[in-house]
Amino acid sequence: MTSTPESNPRQDQNERSEEPARSLNFIEQIIEDDAKSGRFGNRVHTRFPPEPNGYLHVGHAKAIILSYGIAKQYGGLFNLRFDDTNPSKEDVEYVESIKEDVKWLGADWQDRLFFASDYFEQMYEYAVQLIKKGKAYVCDLTAEQIRETRGTATVPGTPSPYRDRSVEENLDLFKRMRDGEFPDGSKTLRAKIDMASPNFNLRDPVMYRILHTPHHRQGTKWSIYPMYDWAHGLEDSIEGITHSICTLEFEHHRPLYDWFLNELGVYHPQQIEFARLNLTYTVMSKRKLLELVKNNYVDGWDDPRMPTICGLRRRGFTPESLRIFCKTIGVAKFNSTIEATVLENAVREDLNKKALRRMAVLDPIKLVIDNYPEGQTEKLVAVNNPENEADGVREVSFSKTLYIEREDFMEDAPKKYYRLSPGREVRLRYAYYVTCKSCVKDADGNVVEVHCEYDPETRGGQSADGRRVQGTIHWVDTQTAIDAEVRLYDRLFNVPNPDDPDNLGDYKDYLNPESLKVVKGAKLEAALADASLDDRFQFERIGYFTLDKTATKDAPVFNRTVSLRDSWSKVAKK
RNA sequence: UGGGGUAUAGCGUAAAGGCAGCGCAGCUGGCUCUGAACCAGUUAGUCGGGGUUCGAAUCCCUGUACCCCAGCCA
């Protein structure tokens, strides 16, 4: 096609419409193409199909938010379906944790909570159909023999000697497999496809194995269990899923699902594969996460340093912050790695809008206001959230002796340092201007007390004469402060890719020894005594914090979700 | 070295033959009762080689790199 810039149709269209053309990701494109062709009668129905054999992590969050988001965006439905086809690895404990995490993320399956195991009877009937068509057979080869006869990338597999059993014999044997007549591993049901296929998945894949293992939902009803490849496409078909969104490694299984569904002549969903999430400074494999938990490198699956959904929740992440994260990273088929800062930034973005501001001193030293009346106390008004006026204000108490952050005083300060130093004036947030006069040190030369004089004319933090101060520091009144433990979390690993095969040694050698710093004697403003698990706070000038589940009324514990951005640290380095 | 995928700035992600754009990170500056937030500006990119075309990230050929696949796991 030839066209001049002047007559380009797409450009004309853009000029006509007010809004710029919406850019769709590749999944949205497929959905919209299908909507146009009427392929699924304008239905959109997605699902999240976890196996209940472990805890969900942020990679699953991407999949959940994606699938649920697509359904919601196109007015469709979303199912939660447990892919519980292997009782030897699964447990009801995981079912509950997964439900909790999916719900917390905001993916609403309404009344559509399903289990693959509820379809076992129907799958069995489908298998019988395939046997009757001559497309499946009972095979007596051992697992090892099957492996040996599968062939390699360059040489075709060799057909099983049982491949040409009669339909009657197969029917009889399959029934007896179900009835529990044979021991584990002695027989399988295999699809009769093509032992020479370049796609290993089509070299007569196993559909059923014998497993005399009780199922967490089916009890001892079954002696045979369907394999993932046989079951999964059927599950989607049975539920009327239109678009089965999954990760890239299932791409070459798609021809097999297609084969099953076509041979059965049943409803046929469209599978779409996307690249799984990789994040820097963490690991994502179930095996490694399990190892970290089992060997106590972390404090359980919900340790706030873990990339698990429950870990992120305990860390103080919000569902919205994960949705922001997913929107930022997008979705594609390219195998990418997301920088950890993107996740951190997503939670900052959400919490900046929501978190109530509070003052807390993590590494306290005393500030004494020499000219403030002994014994006097007053209440000052502080804004709860400058980003949301509706959050209102609170009162904070103030007196002659306060706690301030050790690092907010420097005896010999560079010019660019805006905080306390002898002779310099700063603002105590929401309180007064104070001018530093001197400091007191202990025998080791550590500063233990800073002495200041305040200007009574600056109450509330503003001066009548309009003079400015460069720095504002936070503080907590010694009279009303509450003590707390504060846990400062940082990245779990100190290299971007702990899994990099070029690394020396094991991924565990790269654990960040400073990923958790416990601060025992933190001083918090009194209002923090009422904190509950769902609250999100910004400790001003420090970071975002949330109450830990181990906190008690008498012994509060706060977790740092993420620090505030800190441009001073860059200046200080220069 | 059989098959299936994927390559656009430091990291992600758009552009459906027509000005390579956006977010994050970086850098400058502004504003500020949080060295936060916010605002403005700015650096930097089509894997290589051919071809088709007035015009190619896009189409064709060819090469390269990376990911996935030989469980009775999912």
Side-chain angles (χ1 to χ4, degrees), chain A residues 1-6 8 10-11 21 23-25 29 49-51 53 83 85-86 88-90 139 141-144 146-147 150-157 184-190 197-201 203 205-211 225 227-229 231-232 247-255 273 275 280 286 327-339 341-342 345-346 348-349 352-353 357 359 382-383 386-387 416-419 427-431 460-462 468-474 538-543 563-572:
Chain A
M1 186 177 91
T2 57
S3 66
T4 63
E6 289 75 28
N8 180 269
R10 210 160 54 87
Q11 206 169 54
S23 78
L24 304 176
N25 65 48
Q29 298 213 10
E51 183 187 20
N53 71 342
D83 206 341
T85 57
N86 185 357
S88 62
K89 291 194 170 178
E90 296 154 9
C139 179
L141 257 25
T142 64
E144 195 183 342
I146 287 180
R147 198 183 330 119
R150 191 161 2 238
T152 67
T154 45
V155 317
D184 286 6
S186 59
K187 284 180 169 42
T188 57
L189 183 73
R190 291 227 258 168
S197 172
N199 182 345
F200 287 112
N201 296 125
R203 319 244 265 223
V206 173
M207 296 164 61
Y208 279 93
R209 75 279 219 188
I210 298 172
L211 223 50
Y225 290 95
M227 296 289 293
Y228 173 88
D229 278 328
H232 200 83
T247 44
L248 244 31
E249 68 269 28
F250 295 106
E251 200 152 20
H252 36 61
H253 295 238
R254 179 153 36 92
E273 307 86 6
T280 57
K286 265 182 191 171
K327 194 177 169 193
T328 304
I329 64 177
V331 59
K333 298 189 76 155
F334 176 58
N335 210 313
S336 61
T337 300
I338 308 293
E339 292 176 340
T341 51
V342 178
N345 190 68
R348 284 190 183 108
E349 182 181 332
N352 176 51
K353 286 182 294 194
R357 272 56 172 178
M359 291 197 285
V383 173
E387 303 287 327
K416 288 245 179 194
Y417 185 79
Y418 296 161
R419 290 112 93 165
R427 173 167 35 232
L428 295 176
R429 179 138 233 230
Y430 297 123
Q462 282 163 24
R468 326 267 296 199
V469 288
Q470 261 187 310
T472 298
I473 65 171
H474 63 276
Q538 183 196 99
F539 292 177
E540 294 214 28
R541 304 210 302 133
I542 301 175
S563 66
L564 251 35
R565 280 204 191 86
D566 179 14
S567 58
W568 162 246
S569 65
K570 286 175 206 157
V571 176

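Predicted model only: the values in this text are computed from it and were never measured. Throughout, protein chains are lettered first and strands after them, A, B, ... in sequence-line order, and every chain is numbered starting at 1.
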**Request:** Could you tell me whether the side chain of A:Glu273 has a donor or acceptor atom within less than 3.5 Å of a complementary atom in the base of B:rG5?
**Result:** no
**Asked** Going by modelled atom types, is there a donor-acceptor pair between the base of B:rA16 and the side chain of A:Gln29 at under 3.5 Å?
**Response** yes
**Request:** Give RNA chain B the dot-bracket treatment, 5' to 3': Watson-Crick (N1-N3 with N6-O4 or O6-N4) or G-U (N1-O2, O6-N3) under 3.5 Å, [ ] crossing, | other strand.
**Result:** .((((((..((((....[..)))).(((((.......)))))....(((((..]....))))))))))).....
Please give the distance between the [atom1] atoms of [N] and [M] as a whole number of Å.
N: B:rC54; M: B:rA15; atom1: P; value: 26 Å
N: B:rC69; M: B:rG63; atom1: C1'; value: 24 Å
N: B:rU28; M: B:rU46; atom1: C1'; value: 28 Å
N: B:rC47; M: B:rA65; atom1: P; value: 16 Å
N: B:rC22; M: B:rU64; atom1: P; value: 36 Å
N: B:rG21; M: B:rC31; atom1: C1'; value: 28 Å
N: B:rG10; M: B:rU6; atom1: P; value: 23 Å
N: B:rU52; M: B:rA14; atom1: C1'; value: 26 Å

What does [X] touch in the nucleic acid at a heavy-atom separation under 4.0 angstrom: a base, only the sugar-phosphate, or nothing?
X: A:Arg468; value: sugar-phosphate
X: A:Thr142; value: base
X: A:Leu211; value: nothing
X: A:Arg348; value: nothing
X: A:Thr188; value: base
X: A:Ala143; value: base
X: A:Glu339; value: base
X: A:Leu189; value: nothing
X: A:Phe250; value: base
X: A:Val331; value: sugar-phosphate
X: A:Arg427; value: base
X: A:Gly151; value: base
X: A:Tyr417; value: base
X: A:His253; value: base

Between atom [atom1] in [X] and atom [atom2] in [N], what is the gap in whole Å?
X: A:Ile329; N: B:rC11; atom1: CD1; atom2: C1'; result: 12 Å
X: A:Glu540; N: B:rU34; atom1: CD; atom2: C1'; result: 5 Å
X: A:Leu24; N: B:rU13; atom1: CG; atom2: P; result: 16 Å
X: A:Arg147; N: B:rG71; atom1: CZ; atom2: C1'; result: 8 Å
X: A:Lys327; N: B:rG12; atom1: NZ; atom2: P; result: 21 Å
X: A:Leu248; N: B:rA7; atom1: CG; atom2: C1'; result: 13 Å
X: A:Glu249; N: B:rC66; atom1: CD; atom2: C1'; result: 16 Å
X: A:Lys570; N: B:rA36; atom1: NZ; atom2: C1'; result: 12 Å

If you check every side-chain atom of [X], which of [options] has the closest atom?
X: A:Met227; options: B:rG2, B:rC72, B:rU34; result: B:rC72
X: A:Ser23; options: B:rA74, B:rA14, B:rG71; result: B:rA14
X: A:Phe200; options: B:rG2, B:rC68, B:rG35; result: B:rG2
X: A:His252; options: B:rG3, B:rU34, B:rC24; result: B:rG3
X: A:Ser336; options: B:rG35, B:rA14, B:rU13; result: B:rU13
X: A:Arg150; options: B:rA14, B:rU34, B:rG71; result: B:rG71
X: A:Tyr228; options: B:rA25, B:rA74, B:rG35; result: B:rA74

Would you indicate, yes or no, if [N] has its OP1 or OP2 atom less than 4.0 angstrom from a side-chain nitrogen or oxygen of [X]?
X: A:Thr85; N: B:rA74; answer: yes
X: A:Arg209; N: B:rC73; answer: yes
X: A:Asn201; N: B:rA70; answer: no
X: A:Arg254; N: B:rG4; answer: no

**Asked** Is the closest side-chain donor-acceptor distance between A:Thr142 and A:Glu144 under 3.5 Å?
**Response** no
**Message:** Could you tell me if A:His253 and A:Asp229 have a donor-acceptor pair between their side chains, going purely by distance under 3.5 Å?
**Reply:** yes
If you measure from [atom1] on [X] to [atom2] on [Y], what distance do you get to the nearest 0.5 Å?
X: A:Arg357; Y: A:Glu540; atom1: CZ; atom2: CD; result: 7.0 Å
X: A:His474; Y: A:Arg427; atom1: NE2; atom2: CZ; result: 15.0 Å
X: A:Glu51; Y: A:Lys286; atom1: CD; atom2: NZ; result: 6.0 Å
X: A:Asn352; Y: A:Gln538; atom1: CG; atom2: CD; result: 7.0 Å

**Request:** Name the orientation of the base relative to the sugar in B:rG71: syn if the glycosidic angle is within 90° of 0, else anti.
**Result:** syn
**Request:** Measure the distance between the ring centre of A:Phe334 and the centre of the six-membered base ring of B:rA7, then answer whether it is under 5.5 Å with planes under 30°.
**Result:** no
**Request:** Among A:Met207, A:Arg190, A:Arg209, find the residue that satisfies the side-chain contact (heavy atoms from CB on, under 4.5 Å) test when tested with A:Met227.
**Result:** A:Arg209
